[in-house]
Trainee: 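I am attaching a structure below and will ask some questions about it afterwards.
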Amino acid sequence: MNKIHILGAGNIGCLVAHCLRVPRLPPHPPPPNVTLLLRKQKMADALQRLGGIKVDSHAEAILGNGLDVEVNNPKVLRSGPRRPHIKSLIVTTKAIHALEAVELVAPRLSPSSTVVLLQNGMGVLDEVIQSFWPDAQRRPNFVVGTTTHAVKTGEDHFHINHAGLGKVSLGIVPSPFIEWRGKGQIPSITDLKQNPRTQSLAWTIASLQQASILGCHLEAWDVAQNSQLEKLIVNACINPLTALFNCLNGELLVNRPLSAIIRTIVTEAITCIMSTPRLRELASRDRFDPDRVYSKVKSIARSTAFNRSSMLQDIDRSRDTEIDYINGYIVRLGQAAGVATPVNDLMVNLVKARFRLKTSRDLSEREILAEEARLQDEMLQGKDRPPLEESGDTDWQKEYAELQKAHAALREAYGELQKSLPSGV
Ligand SMILES: NC(=O)c1ccc[n+]([C@@H]2O[C@H](COP(=O)([O-])OP(=O)(O)OC[C@H]3O[C@@H](n4cnc5c(N)ncnc54)[C@H](OP(=O)(O)O)[C@@H]3O)[C@@H](O)[C@H]2O)c1
């Protein structure tokens with residue numbers, strides 16, 4: 001059956017699912033069926049209640065009308081019947097969750113399946129291939145994509161706000177079954193359609209391209225890699241610095257010390273790329289000129305001046321960041337090529353430290369509130385006790401006074417904690 005499975009029904013996953021399901025007029029083929037792979041039954045129930053995916057700026061994709069869901073977690077998979085083969089899979093989880101998410105569906109993919117990876121950063125493809133399909137002969141077809149769409153969660157998990165209309169660039173990962181025609185060349189779709197091994201690849205790409213709101217375009221592998229590497233460096237500058245300094249993208253532009261850090265992140269990243277043979281072979285020297293890339297970082301910070309970067313938003317919401325696939329990827333390239341990357345390494349550690357601090361503060365805030373509630377409870381219970389004896393303090397009276405002191409100290413500590421938090425944290 002012509003169906004596309006979407007793994008990771010968050011903001012981007014819902015946008016892709018929705019756009020794939022938008023009705024098309026003849027002579028265009030009807031939209032493909034789409035299945036969302038959700039990990040929790042309660043999310044499937046929430047989608048059921050909403051009746052489908054809602055996107056602020058477009059009509060909704062209605063559940064049951066070519067759009068369905070499967071709950072996909074280890075418990076359900078162990079107890080339920082064997083799930084059918086997946087022809088086409090689009091992975092739209094965050095980079096940090098992609099490996100564990102793909103692991104659950106890997107047995108349903110065959111060499112004739114197609115997997116599209118749509119994560120920010122780099123490194124997911126290498127991890128997935130090495131973990132599940134080290135043998136190229138048994139590997140599904142892979143496509144790597146980057147997107148400039150901006151999507152936020154709306155009123156509900158499946159009610160998204162398409163805040164910025166962008167594009168999706170796709171690059172087909174070369175394989176023994178896809179003829180590599182050289183730099184700047186896109187594989188022939190006619191050839192892909194004729195080979196049973198790559199038919200799903202041709203169909204998946206055509207389905208994505210027909211979803212016109214997505215603005216998908218296919219690029220030659222080297223062009224796609226260059227775009228991905230350039231985006232990686234831009235993200236490696238903007239994401240950690242905005243997350244660490246709790247600032248808008250545009251604020252990076254008017255800060256001389258930060259400009260020096262940005263320059264070093266760029267230089268380290270380009271040195272790593274040019275010292276890695278498989279990347280150097282594809283990288284365009286003009287594109288990876290340090291001054292040009294530095295200007296690119298500045299121009300993106302300028303054009304997104306009022307945005308809060310995705311990493312800053314993740315930290316704000318106490319969600320783990322994609323730093324290991326952005327600056328962390330540059331550090332790993334450096335380690336393999338013998339290039340020092342102290343500033344990128346520092347960014348990784350500082351962002352992780354900031355995340356830990358935020359989550360431990362959340363915890364202490366919760367602990368203090370819980371303790372306060374407990375103390376209040378105890379005091380309320382105390383009020384119900386029989387009246388105090390006239391003469392001298394009883395044990396209960398002393399205990400009550402201690403509780404009041406502890407209560408006051410906790411209030412003070414909580415006030416201090418709040419004062420010490422940067423605004424917006
Ligand atoms: N949003 C944007 O505007 C935007 C723009 C450009 C690029 N990107 C990139 O696109 C990727 C996705 O971003 P996003 O904003 O869509 O993230 P998101 O809203 O957090 O969505 C990720 C989804 O993946 C799901 N997930 C995680 N592990 C899973 C598993 N094992 N099985 C099934 N589902 C799983 C999560 O489910 P739960 O809800 O159950 O946790 C969540 O719904 C990221 O790499 C991001 O950097 C996003």
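Bear in mind that the values here come from a model prediction, so they are computed numbers and not experimental data.
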Trainee: Using distance alone, with no hydrogens and no angle criterion, decide if Asp45 and Gln41 have a side-chain donor and acceptor under 3.5 Å apart.
Mentor: yes

Trainee: Can we say Glu230 and Arg292 salt-bridge, meaning some charged N sits less than 4.0 Å from an Asp/Glu carboxylate O?
Mentor: yes

Trainee: State whether a side-chain donor-acceptor pair under 3.5 Å links His159 with Asp56.
Mentor: yes

Trainee: Should we count NZ of Lys193 as having more than 12 external heavy atoms under 6.0 Å?
Mentor: no

Trainee: We want to know whether Asn120 and Lys94 form a side-chain donor-acceptor pair, criterion being a heavy-atom distance below 3.5 angstrom.
Mentor: no

Trainee: Is it true that a side-chain atom of Asp156 and a backbone atom of Phe158 form a donor plus acceptor pair closer than 3.5 Å?
Mentor: no

Trainee: For Met274, is there any backbone N or O sitting under 3.5 Å from a side-chain donor or acceptor partner on Arg280?
Mentor: yes

Trainee: Can you tell whether the side chains of Glu281 and Lys183 come within less than 4.0 Å, N to carboxylate O?
Mentor: no

Trainee: Taking Gln228 for its side chain and Met122 for its backbone only, find out whether a donor-acceptor pair lies under 3.5 Å.
Mentor: no

Trainee: Could you tell me whether a side-chain N or O of Asn349 sits under 3.5 Å from a main-chain N or O of Asp345, the two making a donor and an acceptor?
Mentor: yes

Trainee: Let me have the donor-acceptor pairs involving side chains of residues 165-178, under 3.5 Å, with sequence neighbours excluded, atom names and distances please.
Mentor:
unit_1: Ser169; atom_1: OG; unit_2: His217; atom_2: NE2; d: 3.3
unit_1: Ser175; atom_1: OG; unit_2: Phe177; atom_2: N; d: 3.0
unit_1: Ser175; atom_1: OG; unit_2: Ile178; atom_2: N; d: 3.4

Trainee: Do His5 and Ser88 have a side chain donor and acceptor closer than 3.5 Å?
Mentor: no

Trainee: Can you tell me which residue among Thr93, Val128, Val115, Val124 is in a side-chain contact (heavy atoms from CB on, under 4.5 Å) with Val102?
Mentor: Val128

Trainee: Atom CD of residue position Glu127 - does it have more than 12 heavy atoms of other residues, nucleotides or ligands inside 6.0 Å?
Mentor: yes

Trainee: Any side-chain donor-acceptor pair under 3.5 Å between Ser309 and Asn249?
Mentor: no

Trainee: Could you tell me whether the side chains of Asp68 and Thr35 share a donor-acceptor contact shorter than 3.5 Å?
Mentor: yes

Trainee: Does the cation-pi check pass for Lys87 over Trp203, that is, NZ or CZ under 6.0 Å from the six-membered ring centre and within 45° of its axis?
Mentor: yes

Trainee: Just by modelled atom types, is the Cys247 backbone N or O under 3.5 Å from a matching donor or acceptor in the Arg308 side chain?
Mentor: no

Trainee: I'd like to know if the side chain of Thr198 and the backbone of Leu192 have a donor-acceptor N/O pair within less than 3.5 Å.
Mentor: yes

Trainee: Under 4.0 Å between a Lys/Arg side-chain N and an Asp/Glu carboxylate O for Arg374 and Asp377?
Mentor: no

Trainee: Please determine, by modelled atom types, if Ser259 and Lys298 share a side-chain donor-acceptor pair under 3.5 angstrom.
Mentor: yes

Trainee: Between Lys296 and Asp289, does any NZ, NE, NH1 or NH2 come within less than 4.0 Å of an OD or OE carboxylate oxygen?
Mentor: no

